[in-house]
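A short worksheet on the structure shown next.
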Amino acid sequence: MKAIIDISSLKKDYYVGEVTVHALRGVDLKINQGEFVAIMGASGSGKSTMLNIIGCLDRPTEGTYILDGVNVAGMSRNERAAIRNLKIGFVFQSYNLLSRTSALENVELPLMYNSAVKAKERRERAVAALEAVGLADRMGHMPNQLSGGQQQRVAIARSLVNDPVVILADEATGNLDSRTSYEIMSLFQDLNSKGKTIVFVTHEPDIARCMTRSVVFRDGHIIREEEIRNRIVAGEVLEALPVEED
Amino acid sequence: MNIGNLLKVALNALKRNKMRSLLTMLGIIIGVASVITMLAIGQGSKKSIQDQIASMGSNMLFVMPSSMRTGGVQQGSASSQSLTVNDVSAIKTECDAVIAVSPEVRSSGQAVYGNSNWPTTIYGGNVDYLEIKSWKVVSGRNLSDNEAKGSAKVCLIGRTVADELFGEGIDPTGETIRFKNIPFKIIGVLEEKGQNSFGQDQDDVLIAPYTTVQKRILAQTHIQSIQMSARSAEESALAMEQVEEVLRRTHKLRENEDNDFQVRSQEELSTTMTSVTDILTILLGAIAGISLLVGGIGIMNIMYVSVTERTREIGLRMSLGGKSMDILLQFLIESIMLSVFGGIVGIMLGFAASQIVEALTSWPISVMWSSAILAFVVCTVIGIFFGWYPARRAAELDPIDALRYE
Ligand SMILES: Nc1ncnc2c1ncn2[C@@H]1O[C@H](COP(=O)(O)OP(=O)(O)OP(=O)(O)O)[C@@H](O)[C@H]1O
Ligand SMILES: [Mg+2]
């Protein structure tokens, strides 16, 4: 198995005035291609910090980080932006779609920052990504014309469109009800079964059981790492859930 | 991001806030329009003064008597009687940069024809007088040399005087009028010149032989001034030197004595006048420029608001691979678009306003294309200058902080 992410003895300190916050205190983590990893732990344990470093939004204070064979720990701001553009897909808790901008244009956005992709190809790839998340009929809709779940699908399409080596999701189901959460998880499972590597921060153990491995943080350390046995298939849960009536 | 995409992104952002974009542009529109209009007014008055001066005779020089110190007592220039016809002949024979020279004497009085009378001024000169003063004869003829020297009772009449004495547009050539009770036969009518830049009616004149005015009207031997043409505008300085030299000699002035005359040129007058209007233009332009500056500050203000409002968008764009330069350019182009669109509308409005001012006030207006180009360049610079700080603030945001911004 090829390691997409290889992190060793990674530390991250924040300096707030006189105080030093040790957000990560020496983390070793290896994630292989095709894995679907749940990152869990109490609030403030360092999950988002970890994800931001994996996503090259932030740089570690100490330690090494090899992403897809490239050492990114010491990279400059611009180099990291280029890596994010080519190798990372983000899905946020609050969707972060551009308002008053159509679903299609939102999905095209990452490719706008890649000058190798011309307008025609950009459009085609965005259409394909929206089709992949089941929104073929909503391409011209604005975010305020879409439900939360649909908005998150647009965001997932956006994270897919640059064909990243890993998709990073920080509490991507945090704003959704349980039915919609399972719909989104079903979509992620689908993508994972087609070979996408996904790292997913969540608080909910049930959501975590949709994945292949869980990594639990506490106080900036990884305290437990285990394969998930008896995985949940989100699609089956959906069928079992009573359809809401009103 | 390539430039096409950047332009599209900036345009979309402006369209998303149409009202705000329009109001922001309004500052620039008003600023540019007023700069264009003010410069058109300033330039117009400069041009009209230049035209006036040219119509007065472009290479013209003249000598006037000036106050002379005698034993420490300053005499008024009006009392000075230093210039004579001999000076005129001396200049004519000795100054080669001067191509035409005429004495000038003048007297104010009442012109009478039948029951009509009209207060006017009679000017006396020689054959060259009309040419030196750029007068043209539209009907009849110029004075002859014999008439000029022989104190003939003939005159040329200005359009205003002719209108007042004979009626609008009537050609009075051949008629006889009286000026200070002396009969003058009209031998020609002068072409209309209109008002000069000081508002004086240049057509309110009679022109007669200098000898006639000197002897029959004023009973004096001196002349009031000497009028000359230099060979060219470039040679007017040389001509002035030559005239000064000759007159100092004919007036028998010693080394240490001041001139009892002064030599002036139209060239000098023209430079003084145009420098006055240049100052006027700069002043008007500067006042209008301030409103343009305020417009620019308006853009800066809105760009700051926009950057703050769109912090999360900036964070998102960065997380998707936007580099600092992409973000910087995005906001910079937005502010340049605001100021350049505003500028284009302002230029059109300025042109329209200039036309309206011209129509309403009959001030001379001269719209300069160069000021339109200047306005365009200035707007681009304003866009860059006032957009720079907000754009740089956006570009320097930390992507994580920006994404978390509430
Ligand atoms: N920019 C920052 N400056 C200072 N301290 C920070 C910063 N970001 C995070 N921290 C600190 O680092 C620690 C880890 O934060 P992090 O956001 O990674 O927690 P988390 O596990 O994602 O929590 P949650 O589940 O609530 O999102 C916390 O103690 C937090 O206060
Ligand atoms: Mg978090």
Side-chain angles (χ1 to χ4, degrees), chain A residues 12 14 23 48-59 75-102 105-119 122 142-143 155 158-162 164 168 170, chain B residues 1-22 302 305-334 337 391-406:
Chain A
K12 177 72 189 178
Y14 289 109
S48 296
T49 305
M50 186 73 251
L51 207 71
N52 287 340
I53 291 174
I54 294 175
C56 298
L57 282 170
D58 214 345
R59 58 210 296 186
M75 278 188 170
S76 73
R77 208 181 141 114
N78 276 345
E79 288 169 327
R80 279 186 282 128
I83 290 279
R84 290 197 294 273
N85 186 243
L86 295 174
K87 296 191 189 274
I88 308 282
F90 286 102
V91 181
F92 306 94
Q93 179 173 1
S94 50
Y95 328 131
N96 277 331
L97 300 180
L98 293 187
S99 62
R100 280 180 268 187
T101 305
S102 72
E105 282 177 310
N106 264 295
V107 175
E108 279 187 66
L109 200 54
L111 301 181
M112 297 268 259
Y113 290 99
N114 182 350
S115 48
V117 180
K118 298 280 168 285
R122 185 169 76 217
M142 304 292 156
R158 183 180 62 195
S159 75
L160 282 174
V161 77
N162 59 343
L168 305 176
D170 196 347
Chain B
M1 217 189 247
N2 66 32
I3 192 73
N5 288 342
L6 281 167
L7 288 173
K8 209 175 98 184
V9 167
L11 202 61
N12 283 339
L14 295 182
K15 275 200 281 193
R16 235 175 279 158
N17 272 310
K18 278 202 194 68
M19 196 59 180
R20 187 160 89 185
S21 307
L22 271 175
I302 283 302
V305 171
S306 181
V307 166
T308 309
E309 243 179 30
R310 284 151 66 190
T311 302
R312 282 177 75 110
E313 175 189 327
I314 294 164
L316 174 75
R317 287 179 180 277
M318 286 176 165
S319 72
L320 299 180
K323 299 192 168 114
S324 294
M325 187 52 92
D326 295 320
I327 306 297
L328 183 93
L329 285 177
Q330 179 187 336
F331 284 92
L332 206 54
I333 287 175
E334 212 175 302
M337 274 187 174
R392 214 184 58 176
R393 174 194 267 196
E396 283 172 355
L397 283 172
D398 179 74
I400 300 169
D401 292 343
L403 272 170
R404 266 203 221 119
Y405 186 84
E406 294 299 327

**Asked** Hey, does B/Tyr405 have a side-chain heavy atom less than 4.5 Å from the side chain of B/Thr308?
**Response** yes
**For chain A, the option from B/Arg317, B/Met318, B/Met325, B/Glu313 that forms the most heavy-atom pairs under 4.5 Å** = B/Arg317
**Asked** Do A/Met75 and A/Arg59 have side chains that get closer than 4.5 Å, going by heavy atoms?
**Response** no
**A/Thr101, part contacting chain B, at a heavy-atom distance under 4.5 Å** = side chain
**Fill in**
Looking only at B/Asn2, B/Leu397, B/Asn12, B/Val9, most heavy-atom pairs under 4.5 Å shared with chain A are made by B/Leu397
**Message:** If you define the side chain from C-beta out and look only at heavy atoms, does anything of A/Asp58 sit under 4.5 Å from A/Lys12?
**Reply:** yes
**Fill in**
Cut-off 4.5 Å, heavy atoms of chain A, and the answer for B/Arg310 is neither
**Item:** Residue pair B/Ile302, B/Asn17: steps toward the side chain to side chain contact (heavy atoms under 4.5 Å, CB included) verdict
**Value:** CA-CA 11 Å; B/Ile302 283 302; B/Asn17 272 310; over 6 Å; no
**Contacting moiety of A/Asn96, where chain B heavy atoms sit under 4.5 Å** = both
**Message:** Within the 4.5 Å heavy-atom criterion, are A/Asn162 and A/Tyr113 side-chain neighbours or not?
**Reply:** no
**Message:** At a heavy-atom distance under 4.5 Å, which candidate from A/Leu98, A/Leu86, A/Asn114 has the highest pair count against chain B?
**Reply:** A/Leu98
**Asked** Taking the side chain as C-beta and beyond, is there a heavy-atom pair between B/Arg20 and B/Val305 under 4.5 Å?
**Response** yes
**Prompt:** Is chain B contacted by the side chain of A/Arg158, its backbone, both, or neither, given a heavy-atom distance below 4.5 Å?
**Reply:** side chain
**Item:** Heavy-atom contact with chain A under 4.5 Å, split by part of B/Arg312
**Value:** side chain
**chain B contact via A/Arg77 - side chain, backbone, both or neither, heavy atoms under 4.5 Å** = side chain
**Item:** Side chain to side chain, B/Ile314 and B/Phe331, heavy atoms closer than 4.5 Å
**Value:** yes
